[in-house]
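Each chain gets a letter, A, B and so on, in the order the sequences are listed, and its residues count up from 1. Given the structure is predicted, the values throughout are model-derived calculations rather than measurements. Computation of the quantities below employed the complete heavy-atom set of this structure, encompassing side-chain atoms and omitting hydrogens, waters and symmetry-equivalent molecules.
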2 protein chains.
Amino acid sequence: MGAVPERDESEFLANYDPRAYDPVAVTVDVVALTIRDGALHVLLVRRGNAPFAGMWALPGGFVHAGGPVRGDDAEDLPEAAVRELAEETGLSAKGGALGRVHLEQLGTYGAPGRDPRMRVISVAYLAFAPELPDPEAGGDAADATWTAVDALGLSESGEQRPGTTRRLAFDHARILADGLERARAKLEYTPLATAFCGGEFTIPELRAVYEAVWGEELHAGNFHRKVLSVPGFVESTGATSDRGGRRGGPRPRLYRAGDARLLHPALLRPSREEEIR
Amino acid sequence: MGAVPERDESEFLANYDPRAYDPVAVTVDVVALTIRDGALHVLLVRRGNAPFAGMWALPGGFVHAGGPVRGDDAEDLPEAAVRELAEETGLSAKGGALGRVHLEQLGTYGAPGRDPRMRVISVAYLAFAPELPDPEAGGDAADATWTAVDALGLSESGEQRPGTTRRLAFDHARILADGLERARAKLEYTPLATAFCGGEFTIPELRAVYEAVWGEELHAGNFHRKVLSVPGFVESTGATSDRGGRRGGPRPRLYRAGDARLLHPALLRPSREEEIR
DNA sequence: TTGAGTTCTACTCATGCTGAGACTTACTCA
DNA sequence: TGAGTAAGTCTCAGCATGAGTAGAACTCAA
């Protein structure tokens, strides 16, 4: 990063042969999450090509490395993640529906044998999106849909329970489980729940995000107090929603995301005794 | 992960040519941290070969992919991290000094141009170690030492301040900065500070770990109360240290790590107002 | 040997955050 | 129009925290 190579490195580089090593491929896979109908959904594509043709998978694909074969189109890892998301779903990357998604690196999965073709190292990304239009399949994907996470029968250990109809290819069940756990944790100490909402939202809508991701009901009054008391979490627009709740109740006020990057104090999920040991 | 390939995949795999893509290399780099003389130290090696020969770097190297060139020695990513750590430092991996280190994945760095040789994707690991013997250089390393983190002049943005003598190769300053921030955060909500101590330790020793990593003095009384009140953080051995503090004071009692995996409630670092916005 | 200085451990107290519940008000739907 | 629902505010008890005090045990130097 800004460091200057030594003098005699040019000679070294001229004689360097990358083909002297065993080949490895690098892919990106994206765990894209959104809230639909009050439930957490993940974007899945149906694989059109081998391996695992016909099974469901996270959107993703090979990183453009840049080099002699395909030309000098080297792309950075987050770029590759956005490109794959756009290609396989038909959603437009810049300014379009994907413009406002939060994207962060989740982890890298590289166990030998996880891809039958060759040694593949997959860098997984996690995306939080407000409600997006239905995707259109493209690229390698035969189909692409938002799928309710609950319908995938994921256990905490990263496997799908027997009897689940929509089975995931590769080690994507493990990656998705890790992504969900990361999302649950991030809601505690960052304001990223607002990334699931549109530009303006109500506190009950924000609470619905927490309830969908954590799978738990929260105390409405305490949640309200907490959100307003954490500095920079939300800021008031002064406006009021034009409708009350679905089944009655007064019209909630509208807020937008504040400028905080961390919630302090954090908004901890209730009772996680099981996870502590 | 347990999924069975479809019937006609064998034909597909027989015709698959991994060389049809631009070559990418995958490396692992390790941010190995320990406490020496009350200060946080990181393991650095002096590069013996180009690129960046003579500069300091995190221990690391290429992952053995397995395949036709080098033989079927495919290794998983954490394995590669432990192997590189052992090779470049002379510390023995299994049962030896490296036997009790905590290892976790930190993140993956793959910007085009970060390595002048070719497109290199580096998977970084973070290791927490109790006080280890001085390393012996090996492998590609011309030298290997524990270096005080404070001496590297790292800014929060992941760059070295001008005037720092020991300059880091590649984007290793960025990786190290990310590793330090991860370590600081992990001490808050996990009992991993105990991984910096030996098998038995005193509460003042544990406090010294927190103070070294956070760079802040803690209130001794409150720290003591907190550590003992969090369930599963430490358990008593019943024994007492055979010496008081360096400059006086009663002999502290000895504890060992408990069975908790998360601290609840967390042990938050004081006053981070700056980091919130 | 003694005394000054240090530190472990335990305690107190004020403050602030949290969970649980009650209550008022405003809205939807039948 | 009335029953049911939910937003927003409030109260109260319990717990965790930060800050300070105090006693006892130890090291080190005079």
Side-chain angles (χ1 to χ4, degrees), chain A residues 38 187-189 197 200-211 214 216-231 233-234 236-255 262-273 276, chain B residues 38 187-189 197 200-211 214 216-234 236-255 260 262-273 276:
Chain A
L187 258 50
E188 290 191 305
Y189 59 97
C197 302
E200 297 194 345
F201 51 87
T202 68
I203 293 189
E205 278 166 10
L206 190 63
R207 177 159 47 85
V209 170
Y210 277 89
E211 291 176 336
W214 286 351
E216 250 173 313
E217 299 217 331
L218 300 179
H219 184 293
N222 291 342
F223 182 84
H224 197 99
R225 175 183 61 187
K226 178 71 182 174
V227 168
L228 293 184
S229 72
V230 172
F233 193 178
V234 300
S236 174
T237 66
T240 299
S241 173
D242 54 359
R243 248 190 78 74
R246 240 170 232 225
R247 295 181 296 187
R251 300 178 184 173
R253 294 171 202 159
L254 287 169
Y255 298 84
L262 292 174
L263 302 184
H264 190 75
L267 207 167
L268 300 175
R269 40 191 151 158
S271 65
R272 299 194 291 152
E273 299 304 330
I276 291 178
Chain B
L187 290 203
E188 289 191 305
Y189 60 94
C197 301
E200 298 195 343
F201 51 87
T202 68
I203 292 188
E205 278 166 10
L206 191 62
R207 175 159 50 84
V209 171
Y210 277 88
E211 291 176 337
W214 286 349
E216 249 174 313
E217 298 217 333
L218 300 178
H219 185 295
N222 291 342
F223 183 84
H224 197 101
R225 175 182 62 185
K226 177 71 183 174
V227 168
L228 293 184
S229 72
V230 172
F233 193 177
V234 299
S236 175
T237 66
T240 299
S241 173
D242 56 357
R243 246 190 81 74
R246 234 166 234 230
R247 296 182 295 191
R251 302 178 183 170
R253 294 172 204 160
L254 287 169
Y255 297 84
L262 292 173
L263 301 184
H264 189 74
L267 209 167
L268 300 175
R269 40 192 152 157
S271 64
R272 299 194 293 152
E273 299 302 332
I276 292 178

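- For dC26(D), the OP1/OP2 oxygens have no side-chain nitrogen or oxygen of Arg247(B) closer than 4.0 Å.
- Side-chain N/O atoms of Lys226(A) include one lying less than 4.0 angstrom from OP1 or OP2 on dT18(C).
- Note on Arg251(B): every side-chain N or O is 4.0 Å or more away from OP1 and OP2 of dA24(D).
- Across Phe223(A) and Leu218(A), no two heavy atoms sit closer than the pair CD1-CD1, 3.9 Å.
- The separation between Leu268(B) atom CG and dG18(D) atom C1' is 13 Å, rounded to whole Å.
- Comparing Gly249(B) and Pro204(A) by the nucleotide of DNA chain D that holds the closest heavy atom to each, the one mapping nearer the 5' end is Pro204(A).
- Among dA26(C), dT9(C), dA16(D), the nucleotide with an atom closest to any side-chain atom of Pro265(B) is dA16(D).
- In this structure, CD of Glu216(A) is placed 11 Å from P of dA20(C), rounded to the nearest angstrom.
- Contacts of Arg253(A) with the nucleic acid, taken as non-hydrogen atoms under 4.0 Å apart, involve only primed sugar atoms and P, OP1 or OP2.
- Between Phe223(B) atom CZ and dA16(D) atom P the separation is 17 Å, expressed in whole Å.
- Rounding to whole angstrom units, NE2 of residue His224(B) and P of dA16(D) are separated by 17 Å.
- Mapped onto DNA chain C by nearest heavy atom, Pro250(B) and Gly221(A) fall at different nucleotides, with Pro250(B) at the one closer to the 5' end.
- Residues Asn222(B) and Tyr255(A) both approach DNA chain D. Their nearest nucleotides, taken by heavy-atom distance, put Tyr255(A) toward the 5′ side.
- In this structure, the CD atom of Glu217(B) is 15 Å from the P atom of dG18(D), given to the nearest Å.
- In this structure, Leu218(A) places its CG atom 14 Å from C1' of dA20(C), rounding to the nearest Å.
- At the heavy-atom level, His219(B) lies under 4.0 Å from base atoms of the strands shown.
- In this structure, Leu263(B) atom CG and dA16(D) atom P are separated by 14 Å, rounded to whole Å.
- A donor-acceptor pair is defined here as one N or O able to donate and one able to accept, closer than 3.5 Å; such a pair exists between the side chain of Tyr210(B) and the backbone of Leu187(B).
- Contacts of Arg243(A) with the nucleic acid, taken as non-hydrogen atoms under 4.0 Å apart, involve only primed sugar atoms and P, OP1 or OP2.
- A pairwise comparison of heavy atoms in Ala260(B) and Phe233(B) identifies CB-N, 4.2 Å as the closest pair.
- The separation between Arg225(B) atom CZ and dG20(D) atom C1' is 11 Å, rounded to whole Å.
- Proximity of a side-chain donor or acceptor of Thr240(B) to a complementary backbone N or O of Arg251(B) within less than 3.5 Å is not detected.
- The nearest pair of heavy atoms linking Gly238(B) to Ser236(B) is N-OG, 3.0 Å.
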